[in-house]
Amino acid sequence: MECGQFFRYKRVGDWYYIHSGNKFFRVRQDSDRLEFSGADKDFIRHFFSLDTALKDILAEIPQDRYTKKAFHLYYGLRLIRQDPWDCLLSYICSIASNIPKIQRCLDGLARAFGREVRLGEVKGYSLPEPDDVRNVAARHAVPLLKETGLGFRSNYICEISRTADRRFLESLKSLPYTEAKGRLMELPGVGEKVADCVLLFSLGFVEAFPVDRWIERALRTFYFKGQKVSPKLINSFARDYFGNYGGYAQQYLYYYSRTALGRDFFKK
DNA sequence: TATCAGGGCGATC
DNA sequence: GATCGCCCTGAT
């Protein structure tokens, strides 16, 4: 839950309360046993990618000293299958931001435009559907959105709500990776990084390799002896080297670079 | 008070 | 196609 790919959770005691589309459910783990309520078994299995043969996937990725270490330390880490629309909103909020702020923005967005959902005593708000934003949108949406602290991201969300919907996102699944990415990048506020996040975390493109500042530093340090590398080279290296399951490599290396290595590793 | 962050965009060369 | 300033906001 907390490795940075997903933001719409809230911890209450040892439970994680999770929003995904209009679903609101909770899970907790007790050693190798997963308890849950608010969603059925099939959904949980799908959401957490418990149906994927993790071992086989990791075996497809080049085993160098860094990937091996990360796989060993965090074995069990999987890519969550997020709700595509929620995922798109989430990564628009992530632009030039950080996790606490992303979560604040999404929370504000949900409270202002989303719908109330309940699970037992616990109340939550799902993220607004494109229609929800669009309907308020006509005149006041941007100012209203800005009240949630979204800043310049407000315009992106407003525009995207007008030009994209769930059908559009769903239709991308049947396209080749490069085409799907191109279509996503036509949306305002969606560049390479955001597009790759949406493709990887919600549309099943496990070959997508989102390059953000952290992973860029990690790759530069691990594979380029710390030398300067152009964004373009980093991207093409990642795709060529890590292969068809690059997304899994990305997630392990990303988490590795942010935890085991720590920030100090990258400071001069 | 200035700078920067888990980017994108438009202008410029 | 590479680089740069700007975009809101919160943190340092």
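Lettering of chains follows the sequences in order, A, B, ..., and the numbering in each one begins at 1.
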Is the number of heavy atoms from other residues, nucleotides or ligands within 6.0 Å of CG (D40(A)) greater than 12?
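Yes, CG of D40(A) has more than 12 neighbouring heavy atoms, counting only those of other groups under 6.0 Å.
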Residue R213(A) excluded, over 12 heavy atoms near CZ under 6.0 Å
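It does not: R213(A) CZ has 12 such atoms or fewer within range.
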Can you work out whether F201(A) or V190(A) has the more 5'-proximal nearest nucleotide on DNA chain B?
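So the residue in question is F201(A).
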Between P188(A) and I102(A), just flag the one whose closest nucleotide in DNA chain B comes earlier from the 5' side.
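The residue whose closest nucleotide sits nearer the 5' end is I102(A).
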Gap between atoms [atom1] and [atom2], on [X] and [N] respectively (whole Å):
X       : N      : atom1 : atom2 : value
K232(A) : dT3(C) : NZ    : C1'   : 14 Å
L88(A)  : dG7(B) : CG    : P     : 16 Å
K193(A) : dG7(B) : NZ    : P     : 6 Å
I234(A) : dG1(C) : CD1   : C1'   : 17 Å
I215(A) : dA5(B) : CD1   : P     : 17 Å
Q250(A) : dG6(B) : CD    : P     : 14 Å
L233(A) : dT3(C) : CG    : P     : 12 Å
Y255(A) : dG6(B) : OH    : P     : 17 Å

Is any side-chain N of the basic residue among E129(A) and R134(A) closer than 4.0 Å to the acidic one's carboxylate O?
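No, this pair does not count.
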Does K181(A) pair with D196(A) as a salt bridge, N-O distance under 4.0 Å?
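Yes, charged N to carboxylate O under 4.0 Å.
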Does the gap between the ring centers of F7(A) and Y91(A) come in under 6.0 Å?
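F7(A) vs Y91(A): aromatic centres under 6.0 Å.
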Looking at Y255(A) versus Y74(A), is the centre-to-centre ring distance below 6.0 Å?
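Yes.
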Any strand is fair game: report the nucleotide pairing with dC8(C) by Watson-Crick or G-U wobble, both distances under 3.5 Å, or none.
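Partner of dC8(C): none.
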Say you pick atom P in dA2(C) and the same atom in dG6(B); how far apart are they, in whole Å?
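Each nucleotide's P atom is 24 Å from the other's.
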Select base, sugar-phosphate, or nothing to describe what I92(A) touches, counting heavy atoms under 4.0 Å on all strands.
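Here I92(A) touches no strand at all.
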Looking across every strand, which nucleic acid part, if any, lies under 4.0 Å from P100(A) by heavy atom: base, sugar-phosphate, or nothing?
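Here P100(A) touches no strand at all.
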When you compare the protein's N or O atoms with those of nucleotides 7-11 of chain C, which come within less than 3.5 Å of each other, and at what distance?
| from | atom 1 | to | atom 2 | distance (Å) |
| --- | --- | --- | --- | --- |
| dC8(C) | O4' | F152(A) | N | 3.2 |
| dC8(C) | O2 | R153(A) | NH1 | 3.0 |

Parallel, tilted or perpendicular for F242(A) and Y223(A), by the 30°/60° rule?
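Aromatic pair F242(A)/Y223(A) classed perpendicular.
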